[in-house]
2 protein chains.
Amino acid sequence: MSRASYPGIKAEVLRRIRDGEWKPGAAIPAETDLATEFGCARATMNRALRELAEAGILDRRRKAGTRVSRFPVRKATLEIPLTRLEIEGQGLTYAHRVLKCRQIAAPPGITQRMNPDGTARLLHLFCLHLADRLPYAFEDRWINLDAAPGILDADLTTISANEWLVQNVPISDGDIAFMAEPAGRDTAAAFGIAEGTALFVVERHTRISRLPVTLVRLSYAPGYRMVTSI
Amino acid sequence: MSRASYPGIKAEVLRRIRDGEWKPGAAIPAETDLATEFGCARATMNRALRELAEAGILDRRRKAGTRVSRFPVRKATLEIPLTRLEIEGQGLTYAHRVLKCRQIAAPPGITQRMNPDGTARLLHLFCLHLADRLPYAFEDRWINLDAAPGILDADLTTISANEWLVQNVPISDGDIAFMAEPAGRDTAAAFGIAEGTALFVVERHTRISRLPVTLVRLSYAPGYRMVTSI
DNA sequence: AAGTGGTCTAGACCACGTT
DNA sequence: ACGTGGTCTAGACCACTTC
């Protein structure tokens, strides 16, 4: 049974749904009533129900009340750590090599996303992340030098570009996409595999209040799985 | 400047970090002090700081206080909808075909994860999800009939197994993994592509309080991208 | 031992959306 | 118009962890 604590209340609400007492699509009592029933303050009940709503278990709307979701949207929270920390977290030794680092004109697809007004100077990097000396991920990165002044002074062979950016350009927002792609010439060479091998690719585009900061493609070595719980 | 509302406070805290007033690794004032400074109740400040901590921006520990994260762990929240809703959400017409549906003995790798005590009866399904009549995702699913009694009575050509499970076995937990894999014989045939083509694969294992319910592998058509914002 | 965040309470006002 | 959830307040007690 539930105590008057919000985790206990969440557990009891989940039990009622699981046991069919509250069915998908059905309305449940208002939070004032539930607070009375559970003998807790409305704020406590609110926190429990709000978190269940954020998790996609409940649908809440003012006036309409609270319902059990008909189609609970599973939400998987992926933690995207620095590649270095991801590797060290597995007990492996991290290292990285900068394969290419140049200030060059960007191809049209990149320009469109990184340099919308055409004035920015861009830095292009190829970098290989190693775990216990074995290739772990291949990084293809564009950096907007206007958004990250000072990175030209950094020793990117010592600190990875990702890590420098995290420390020096904090709190950016952006998009992230996950996909499967065949290995291209550069990645195949880096991993020592055949071109066309299926690779897991993460593409991140980060901005700092609309200003593009960096566009990065991380291609992981064959066999990589990104895992989380739901 | 911030009003005494928690979103406003969050925005102001983020601004102070972005503008370097509060640096990564540094402690920020205690929430009682900040509440005084912002002229709000401690509970309001608590909610703002707590949400920023959940987002990985701040590190909070009793007695030790609140610090700006040195390595903010980016958290990407992926919403995993029903395949039908994902397709209909793009304005396309959903359909699905059951390619195979049999109660058969499972191979060892499956048995280990779905049938640990060796007593369960398992149902095996191959299913193709279509968007505007084009193959969208290939589903390879095992279902524990002990956890989902009644699914044998369902018409899985009308309602997909996924949808039936969501409606009838609510509130399960589990693991999810994302990977890239070469197309096998079945998926290559289903999508009309060459074997070995890089496919984006999602593997979900769901349980209901330790009891395995279903193990599903969804292989998406070439070009699929799973996108979210961070 | 003491300071910090974690939580709960009882009450209040308000925004929103259904009616 | 009115019922519901969304939020804020002022205060309190407690748990954890560092000192």
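All chains are named by letter (A, B, ...) in the order of the sequence lines, taking the proteins before the strands, and each is independently numbered beginning at 1.
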(request) Apply side-chain contact (heavy atoms from CB on, under 4.5 Å) to the pair A:Glu12 and A:Phe38, showing each step before the final yes or no. (result) CA-CA 10 Å; A:Glu12 169 63 9; A:Phe38 281 75; 3.6 Å; yes

Is any side-chain nitrogen or oxygen of [X] closer than 4.0 Å to OP1 or OP2 of [N]?
X       : N      : answer
B:Tyr6  : D:dC8  : no
B:Asn46 : C:dG6  : yes
A:Thr66 : D:dT4  : no
B:Thr32 : C:dG5  : no
B:Arg60 : C:dG5  : yes
A:Arg62 : D:dG3  : no
B:Arg61 : D:dT18 : yes

Whole Å only: how far is the [atom1] atom of [X] from the [atom2] atom of [N]?
X       : N      : atom1 : atom2 : result
A:Asp59 : D:dG6  : CG    : P     : 11 Å
A:Arg47 : D:dG5  : CZ    : P     : 18 Å
A:Arg50 : C:dT7  : CZ    : C1'   : 13 Å
B:Asp33 : C:dG5  : CG    : C1'   : 13 Å
B:Glu51 : D:dG6  : CD    : P     : 13 Å
A:Arg67 : C:dG17 : CZ    : C1'   : 14 Å
A:Glu54 : D:dT7  : CD    : C1'   : 14 Å
B:Ile28 : C:dG5  : CD1   : C1'   : 12 Å

(message) Can a donor-acceptor pair be found, under 3.5 Å and without considering hydrogens, that links the side chain of A:Thr206 to the backbone of A:Asp173?
(response)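 The answer is no, because no donor-acceptor pair under 3.5 Å joins these two groups.
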
(request) Nearest-nucleotide wise, let me know which of A:Ala64 and A:Met45 is further upstream toward the 5' end of DNA chain C. (result)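 Nearer the 5' end of the strand: A:Met45.
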
(message) Between B:Pro29 and A:Ala41, which residue's closest nucleotide on DNA chain C lies nearer the 5′ terminus?
(response)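 Nearest nucleotide further toward 5': that of B:Pro29.
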
(message) Nearest to the B:Thr44 side chain among D:dT9, C:dT9, C:dG5, which nucleotide is it?
(response)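 Nearest listed nucleotide: D:dT9.
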
(request) I would like to know whether A:Arg204 and A:Ile80 meet side-chain contact (heavy atoms from CB on, under 4.5 Å); could you show each step before the answer? (result) CA-CA 11 Å; A:Arg204 271 202 312 263; A:Ile80 319 284; 3.3 Å; yes

(message) To check you understand the geometry: which heavy-atom pair defines the closest contact between A:Asn144 and A:Pro212, and what is its length?
(response)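 Smallest interatomic distance, heavy atoms only, reads ND2-O, 2.9 Å.
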
(message) Over 60° means perpendicular and under 30° means parallel, so tell me whether A:Tyr220 and A:Tyr136 are parallel, tilted or perpendicular.
(response)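 The rings of A:Tyr220 and A:Tyr136 stand perpendicular, inter-plane angle above 60°.
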
(message) For a quick check, tell me whether the side chain of A:Arg42 and the base of D:dG6 share a donor-acceptor pair closer than 3.5 Å.
(response)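 Pair found.
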
(message) Heavy atoms only, 4.0 Å cut-off, all strands: where does A:Ala43 land among base, sugar-phosphate and nothing?
(response)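 Base contact.
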
